[in-house]
There are 2 protein chains.
Amino acid sequence: MNCPIQLTSHIIGDKWILLILRELFLGNTKFDEFERNLAISKSVLTTKLKLLVEFKLIIKTDYKEEKKRTRSKYQLSKIGSELLFIMGAVMEWGNTNLVNKEETYLKIIDKSDTPVKLVFANQDNDILALDDLSFELS
Amino acid sequence: MNCPIQLTSHIIGDKWILLILRELFLGNTKFDEFERNLAISKSVLTTKLKLLVEFKLIIKTDYKEEKKRTRSKYQLSKIGSELLFIMGAVMEWGNTNLVNKEETYLKIIDKSDTPVKLVFANQDNDILALDDLSFELS
DNA sequence: CTGTATCCTCTTGGATACTG
DNA sequence: CAGTATCCAAGAGGATACAG
């Protein structure tokens, strides 16, 4: 099958992967940060991080600060960063339909601290209505 | 946790759910269409469809054509249709990074049959660059 | 056609202990 | 700190048979 959804589902069709990606987009980079923030077991975290490296969504780097031991950090690759559209869409849907707006929640903002939204556009950057869209196999 | 990604991951963090949603967006509605197109076992398909109904993403309707037995169909609800942004983002990423463009593949088009893209915009509908965006918890 | 029920296997994931 | 190794329990998913 040459279906983009089928192929991509092998990566993001996984709760842990989505949550690790959230951490990466939030700027976290270290094994123990993921472990603490996600309450995930070491073994699963190891497995998922390896998967993300295999898929080339993240890059693992060893680094060493003066007088300290060597440590590892994980960062989004180029194509990993492009998952921002998926994460943004997931956040928007979750915020609209599942999140309790009385409490704090996560959103995407621009440089003037204003919340942004996702829209469909054509090549001329005209914004399109949902009713005008359809799936096509070609 | 009041995190939109965490909450939504319980729904779309699942390969089968993503593929069933693809079928629904393609306009398929019947149990055996899903079964054939996805090569999924009956028991799993039953379970996932129930889940989608529980989450109110789809609506199950029984209908009866003249001289025929009663049948069931499944259709996206209002909030289910809003998953189009997630599906669109998944398709775009998959098409860019995983799909073989020599073969046929799936995309979203507008009324003039032109492929569309997803963009981030502010409230004034100005399109934003990725570098201008950041996650915020508030 | 649209399921349900049963069985059986393989995988996922948590807990714990250990290592450089 | 960043894992690896081992073990165990629970769940996911396929196959098959059956039912309205």
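Sequence lines set the chain letters: A, B, ... in the order given, protein chains first and strands last, and positions in each chain run from 1. What you see is a predicted model, and the numbers here were worked out from it, not measured in a lab.
Side-chain atoms of A:Glu103 do not come within 3.5 Å of backbone N or O of A:Asn100 as any donor-acceptor pair. Of the possible polar contacts, none joining the B:Thr46 side chain to the B:Val44 backbone as a donor-acceptor pair under 3.5 Å is found. Remark: side-chain polar atoms of B:Lys64 are paired, donor with acceptor, to backbone N or O of B:Lys68 under 3.5 angstrom.
Protein atom OH of B:Tyr74 is 8 Å distant from nucleotide atom C1' of C:dG3, rounded to whole Å. Rounded to whole angstrom, the span from the NZ atom of A:Lys15 across to the P atom of C:dT12 amounts to 13 Å. Atom CG of B:Asp62 and atom P of C:dC1 are 16 Å apart (whole Å). Whole-Å rounding puts the A:Lys48 NZ to C:dT11 C1' distance at 10 Å. Distance OH (B:Tyr63) to C1' (C:dC1): 10 Å, rounded to an integer number of Å.
Here chain B contacts DNA chain D (any atom closer than 4.0 Å to a heavy atom, that is under 4.0 Å), and the contacts span D:dG13 to D:dA15 from 5' to 3'.
Both tests hold for B:Lys107 against B:Tyr105: distance to the six-membered ring centre under 6.0 Å, angle to the ring axis within 45°.
Note on B:Ser72: only backbone sugar-phosphate atoms sit closer than 4.0 angstrom, heavy atoms only; bases stay farther off. Contact annotation for A:Lys73: no contact, since no heavy-atom pair falls under 4.0 Å across all strands. Residue contacts shown for A:Lys60 are limited to sugar-phosphate atoms, with no base heavy atom under 4.0 Å away.
In the model, A:Ser72 has a side-chain atom that pairs as donor or acceptor with a side-chain atom of A:Asp62 under 3.5 Å.
In the hydrophobic clustering of ILVMFWY residues, with side-chain heavy atoms under 4.5 Å counting as a link, A:Leu137 and B:Phe34 come out together.
Taking the six-membered ring for Trp and the full ring otherwise, the centers of B:Phe120 and A:Phe85 sit less than 6.0 Å from each other.
Enclosure of atom NZ in A:Lys101 by more than 12 non-hydrogen atoms of other residues, nucleotides or ligands within 6.0 angstrom is indicated.
Sorted by first then second residue, the side chain to side chain donor-acceptor pair (under 3.5 Å) pairs that include residues 75-95 of chain B, not counting sequence neighbours, are B:Lys78-B:Glu82. Sorted by first then second residue, the salt bridge (charged side-chain N to carboxylate O under 4.0 Å, His left out) pairs that include residues 111-129 of chain B, not counting sequence neighbours, are A:Asp132-B:Lys111.
Contacts between residues 30-45 of chain B and DNA chain D, defined by a heavy-atom separation below 4.0 Å, involve B:Ser41, B:Ser43, B:Val44, listed by number.
Comparing the local axis fitted to the first five base pairs of the helix from C:dC1-D:dG20 to C:dG20-D:dC1 with the one fitted to its last five gives a bend of 50°, rounded to 10°.
In this view, B:Lys48 and B:Asp14 satisfy the salt bridge (Lys or Arg N to Asp or Glu O under 4.0 Å) rule, not counting sequence neighbours.
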